[in-house]
J.: 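Dropping the structure in here first, questions after.
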Amino acid sequence: MSRNSVFSRLLVIGVLLGLVLSACAAPTAQVGQETASPAAEERSLVIGLATEPVSLDPAAGLYIAEQFLLMNIYDPLIWADQELNLHPGLATDWSSSEDGTEFTLNLRQDVVFHDGTPFNADAVKFAFDRALNPTNAAATAPTLLAGYVETKVVDEDTVVVRFDIPKPTFLEDLTRVWLMIPSPAAVEQWGEDYGQHPVGTGPFVFQEWAAQDHITLTRNPNYNWGPEFSTHSGPARLSEITFRFLPEAATRLTALQSGEAQVVEEPAYQEAASLAEDPAYRLETFTAPGMTSHMMINVEKAPTDDILVRQALIYAVNQEELVQTAFFGMQNPAHSVLSPTTWSYDEQAASLYSYDPERAAELLDEAGWVDSDGDGIREKDGQKLTIDYPALPAYEEAYMELLAAYLNQAGFEVTITRMDDAGIYEYSNAGNHNIVNMGWISRDPSVLSIVYHSDNIELGSAFTRFRSEELDSALEQAAVSLDSAEREELYRQAQQIIMENALVIPVHTYNRVMLMQAGVQGWRFDAEGFPYLYEVTLEP
Amino acid sequence: MWQYLGRRLLVSLAVLLGVSALTFSMLHLVPGDPVHAMLGRQAVTAERAEELRAQLGLNDPLPVQYANYLTKALRGDLGRSIRSNRPVASMIAEQLPSTLMLAAASMIVAIAIGVPLGSLAALQQNRWTDTLIMIGAISGVSIPSFFLALLLILLFSVSLGWLPGTASTNDLRGLVLPALTLGLGEAAVITRLVRASLLEVLHQPYLWTARAKGADEKRVLWEHAFRNALIPVVTMLSLQLVYLLAGSVVIENIFARQGIGRLAVTAIQNRDFPLVQGVVLLIATTYVAINTLTDLSYAVLDPRIRLK
């Protein structure tokens, strides 16, 4: 027995030693707190991103995560400010032919890429020719360049871009990241791997990409061609930016609190709302233009083939309350198919419906749907008032049950089926749904065509299955009209047709939410809500 | 012994072949057209879909596709990611060190805590030390790792500021909290297993024989009891190691660490089939390798197996 207890003592010592050793692994230095604060021009920023980009090749880009980085590495030919006014970028001035098929751009002569390659007309031609055939099958650039014929190099500093169709939005499209200009030398050097070794002309130079960990950019010391609307000229204020990929919302918040990051995107809303009341932090939000997050209502499948039922669906939902409960007020309620920050947004279309449960009940009574057995669900001819709702939890988790509850109160029975992206596409494309979620951030209302033109019912994403010559022709004309007043009028018409026919239940706008330390100054969102970090400074 | 070894290796090879056939057919088992399944809701023209199909070699007959896949895989060519267009093998190679580091570190934490505590509990059976250790072990098993992770981050990173909650892989300080999170959970399992296993052995008659033959207590414990008690523990540890390799995705996400598990989950979410295939093949190969090594280690630990 006594030998046993000697052994036990040894074990106790072993256990203690183990614990002490694991505690020793912890160094005593404070995390994320600088010992001495460096000069303003030498400060670096850490930004916590939710999603990692896939490729930093503008021509291969498709996803939101890329935009954030691309616009700080590359420059556009034309800048857009937040109100979408155009300003000189790599092009000093521009003109277009009367029929809107030819664009002449005069280029800056003092610009060099990060690798020393001079920026000139050949680089522009190279970029556009290349963007037509991207490495990524689903990239955005070919869509923007639809109808592209060629880019003619007139001289070193002049190009003419030609299309075989009128392109009313081409100058505006040039402000987007997908048509920014990469270094032709770097593209040739890296070939298929260019997306991991981007070289642009922008305020920050790409340094390093450790997959699933971070991307580091450093200041471009030669930068002297920033947009005229920015608050300073010359190189960027920050010396270095590190983008950390932090997939968990909770982690992004703790990283901000511990000082490991100074800015985080999409923090957990509830905690972010309370943290924003602390003067040490600041929230920056921006309501993106384009389509709102809304439910497309199928007009071919019963019971939503009846306009009275569709109207009742819209009246039944209290968006103001919904965004408070689901998003802690971090997203705005939506009342139309387009967001209020979109050019040509139509106030009249947006004021057609507001939460009115009595009106919803009247409409359903009028349509013959009544609750005869007192179970809260309305019936007609022995059929229950059932709504088929295929949902993608990644986007809709926050509010889908809540939305169903509002509809349920009005007497609908809602069947939510959770599916993945491909499943929802297949299900909705076959017309099996009654409502399905849609949304699209865009600088221009022209995205409406992609999901509301009847040509896209069979093969595309026009899930309302609504066929109207009036709507189709408004969308078609607006896409090619060179008269901006006419375009605006046509898009207003389109919004009215969509809302009058009760094709959508608007839910919320897409707000970009960034939480940061109060010392981060000079924050600027671009026209789509992506931060442009050129002017940002970090006060201690 | 050699016969045993040879048989084990043959079985392992057969399993690997089966796994490669399964990962290969994954792309074809998905309902619907693989190309559309991959692209999801994205609008894509028929022309682009055809390009992608040709790129993936989907137009060849199935056996030809499998043979191509196998020969390429044997040469270490696992294809290119659909999404990023990068070689799958190098994407995996980038993530592997971080996963191995985390697995090794949490194993060390688990063994350093689990084996001594489990032994102590067994030797002090039914005394207060035993009770205390078992309460600790049950708590350790019961606390979900994501919760423990957040508690550790809040304490050591946010409140005390001692350790980073999200550090780059090359910053070793960033290894401490994730290794503790995983290691503590593992330690609890190992503690209970060592205790149970040792208790069983301690009551075996051969220990009495050893003592009767005059062996001192230290020798009885170290050479006779421990060695046998460790066999189930070794099995457990090897299974845990495989689990750590692929299953630490929650921890990798919370601590924003590089890793194979996180790579796999992202690949699945993106329907990046070549990447999913590559990761599954790697995990399965490691699983088979570790299992084979475990079986071989029995031969060292247990003479009865050696003799068979």
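In what follows, every chain begins at residue 1, and chains take the letters A, B, ... in the order their sequences are listed.
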J.: Salt bridge or not for A:E192 and B:R80, using N-O below 4.0 Å?
T.: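 Looking at B:R80 together with A:E192, the answer is yes, because their closest N to O distance falls below 4.0 Å.
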
J.: Report the distance from atom OG1 of A:T254 to atom CG of B:L150, rounding to the nearest 0.5 Å.
T.: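 Rounded to the nearest 0.5 Å, the OG1-CG separation comes to 7.0 Å.
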
J.: Pair A:E260, B:S157 - check side chain to side chain donor-acceptor pair (under 3.5 Å), show working.
T.: CA-CA 9 Å; A:E260 286 160 49; B:S157 181; 2.9 Å; yes

J.: Just so I understand: if I count every heavy-atom pair under 4.5 Å between each of A:A211, A:A210, A:S428, A:A261 and chain B, which residue has the most?
T.: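 Greatest number of close heavy-atom pairs with chain B: A:A211.
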
J.: Hey, does the side chain of A:Q212 reach the backbone of B:G259 with a donor-acceptor pair shorter than 3.5 angstrom?
T.: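 At least one qualifying donor-acceptor pair exists.
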
J.: Which region of A:R244, side chain (C-beta onward) or backbone (N, CA, C, O), has a non-hydrogen atom less than 4.5 Å from a non-hydrogen atom of chain B, or is it both or neither?
T.: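 Just the side chain, heavy atoms under 4.5 Å.
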
J.: Excluding sequence neighbours, so at least two apart, what forms ring-ring contact (aromatic ring centres under 6.0 Å, His included) with A:F243?
T.: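 Once residues adjacent in sequence are excluded, the partners of A:F243 under the ring-ring contact (aromatic ring centres under 6.0 Å, His included) criterion are A:F68.
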
J.: For B:L154, which atoms come within 4.5 Å of any heavy atom of chain A: side chain, backbone, both, or neither?
T.: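 B:L154 touches chain A through side-chain heavy atoms alone.
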
J.: State, with a plain yes or no, whether a side-chain heavy atom of A:E52 is found less than 4.5 Å away from one of B:T266.
T.: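 Counting from C-beta outward, A:E52 and B:T266 never come under 4.5 Å.
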
J.: With only heavy atoms counted, which part of B:E94 is less than 4.5 Å from chain A, the side chain, the backbone, both or neither?
T.: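 It is the side chain, since no backbone atom gets that close.
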
J.: So do B:R262 and A:F245 actually touch side chain to side chain, heavy atoms under 4.5 Å?
T.: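 They are in side-chain contact.
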
J.: Give, for atom CD of A:E248 and atom CD1 of B:I251, the distance between the pair rounded to the nearest 0.5 Å.
T.: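 The distance works out to 10.0 Å.
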
J.: Could you grab the distance from atom OG of A:S258 to atom CG of B:L163, nearest 0.5 Å is fine?
T.: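 The distance works out to 10.5 Å.
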
J.: Using only atom types and a distance under 3.5 Å, with no angle test, would you say the side chain of A:T251 pairs donor to acceptor with the backbone of B:I254?
T.: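 Flag set: sc A:T251 to bb B:I254 pair under 3.5 Å.
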
J.: How many angstroms lie between CD1 in B:I153 and CG in A:L253, if you round to the nearest 0.5 Å?
T.: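 Reported to 0.5 Å precision, the distance equals 11.0 Å.
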
